[in-house]
Amino acid sequence: MLSKFKAPKGTFDIIYPDSENLEMILRIGYETLILHGYRRISTPIFENTQVFVRGIGEDTDIVTKQMYTFEDRGGESLTLRPEGTAPVIRAYLERSLHSSGVPQKLFYFGPMFRRERPQAGRYRQFHQLGAEAIGSDDPAIDSEIISIPDAYFRKLGLKKYRVIVNSIGCVNCRKPYVTFLREFLEKVDAELCDDCRKRSQKNPLRVFDCKEETCARAISEAPVISDYLCDGCRTHFHSVLGMLDALGVGHEIEPRLVRGLDYYTRTAFEFIFEGLGAQNAVCGGGRYDYLVEALGGPPTSGVGFSIGIERLLRAIDLEGIKPVKLPRLDVFVAAVEGTPREAVLRTLSILRSASLSADTDFMGRSLKAQMRHANRLGARFVVIVGGEEFERGEVVLRDLDSSKQCTLKNNELIHRIRLVIEAKSGANNE
RNA sequence: GUGAUCGUAGCUCAGAUGGUCAGAGCGCCGGGUUGUGGCCCCGGAGGUCAGGGGUUCGAAUCCCCUCGGUCACCCCA
């Protein structure tokens, strides 16, 4: 270790060639989103703390113990965003985006921050690619929101995932359901673990998430939300499911899939991947018909999803998908000892102007060492500048693949390189 | 916040019961005669053995603490 400093716990550097993979999956993600009519929005990475307190929920783990909150020099409480939806809604309201037409179909990408103990697929700074459709409660938009990650993951070549969906109803049906559930949980209280006993008071829906065998058995007979949906929610849910079928999005109904907060409504879904470890949800999302109001806006429906990019990258790796073939350096310009630097730089510049990637030596190396370095960089060609050829206005062009080289006039260089490269790529395309 | 586990060169790792134990491979840099790569050969740089304290004549090797990595719980992307 050369440095005494380390990246903060739960953070990491994204280094080539991983950086290439990131770029690639983002590009495909953007394409997919744009194809579905979504436009990118970039919001600040910090917001007034209240945006999150009210947009995520005061009692959530995120707000109570995971936020990076600080006071700036003006005394305002700011928070590094722990998720993307609340800021988007804030922007939607602040900029009156409804006036440019609803639904507003927006997507975002960027870092999120949560102070948790890191583990596989969980970091303190992580990245999400997400989308929100604001202003419509049409079940068709739910199905679109769910179909986008599906289309995206397929495009990437991913296979080992399941889509689980559920409906958690609205205020009308959830309230009565929760009381039924509480009553049931009280009956089986003795069989529940400590955590679940707490949950059955505070947030009974969460009991369904418990991994304890005994709890799972105890609640196997528990009332399920889907049996208590009001007519509106039931119809909505069935429409969404039917549309997913029509769209060819394979899915399973998971009655135990829940959301903690009151303003989450109706559709909830996740994309679960095999083999990712405990944090196996690569994408999560759902409908939030009361969220806009919670942030001070008029009654407005919304649905969205969010993809955990680090988890997605891991899934890609696990499935053995190689996202990109790394671009290769076209030309390394090597100089014979004694050649004016200006001549080398001019050659470099000419190559780059012709859209050929080019590099040269900056370490004062011998020709031999330059060649070795060129090889290490994976260069296709080496152009050797200097000596008698230089006096005659010529350079040596060496093909590192074939080990053949020739001497040619300076002004023939670009043309000759292009010929070889295009001949090769032509052959590859057949 | 809780638990488990790990921490020797850039990377992967050797270093039995404490006494040439500070090493190997890979990588990196350089050289192998006159202006040229990949293989091969030679050489070099690089480590407070995570950090601190303790036990001991003596510790990378034993004990304690701290920090960090990893995985899991909580919760979530």
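Below, read A as the first sequence line, B as the second, and so on, with proteins coming before strands; counting in each chain starts at 1.
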Taking the [atom1] atom of each, how far is [N] from [M], in whole Å?
N	M	atom1	value
B:U61	B:G53	P	14 Å
B:U48	B:U5	C1'	26 Å
B:G47	B:G10	P	8 Å

Gap between atom CZ of A:R266 and atom OG of A:S301 - 0.5 Å precision: 8.0 Å
Which nucleotide sits closest to the side chain of [X]: [options]?
X	options	result
A:R122	B:C74, B:G35, B:U36	B:C74
A:A369	B:C74, B:G30, B:A77	B:G30
A:S306	B:C29, B:A77, B:C74	B:A77

Closest-nucleotide 5' rank along RNA chain B - winner of A:I384 and A:H373: A:H373
Of A:R124 and A:Q119, the one whose closest RNA chain B nucleotide lies more 5': A:Q119
Touch class at under 4.0 angstrom, heavy-atom based, for A:V336 against every strand present: base
Sugar-phosphate, base or nothing in reach of A:F332, heavy atoms under 4.0 Å: nothing
Electrostatic pair A:E342-A:R346, nearest N-O below 4.0 angstrom: no
Pairing pattern in dot-bracket form [Watson-Crick, G-U; both distances under 3.5 Å; | = partner strand] for RNA chain B: (((((((..((((.....[...)))).(((((.......))))).....(((((..]....))))))))))))....
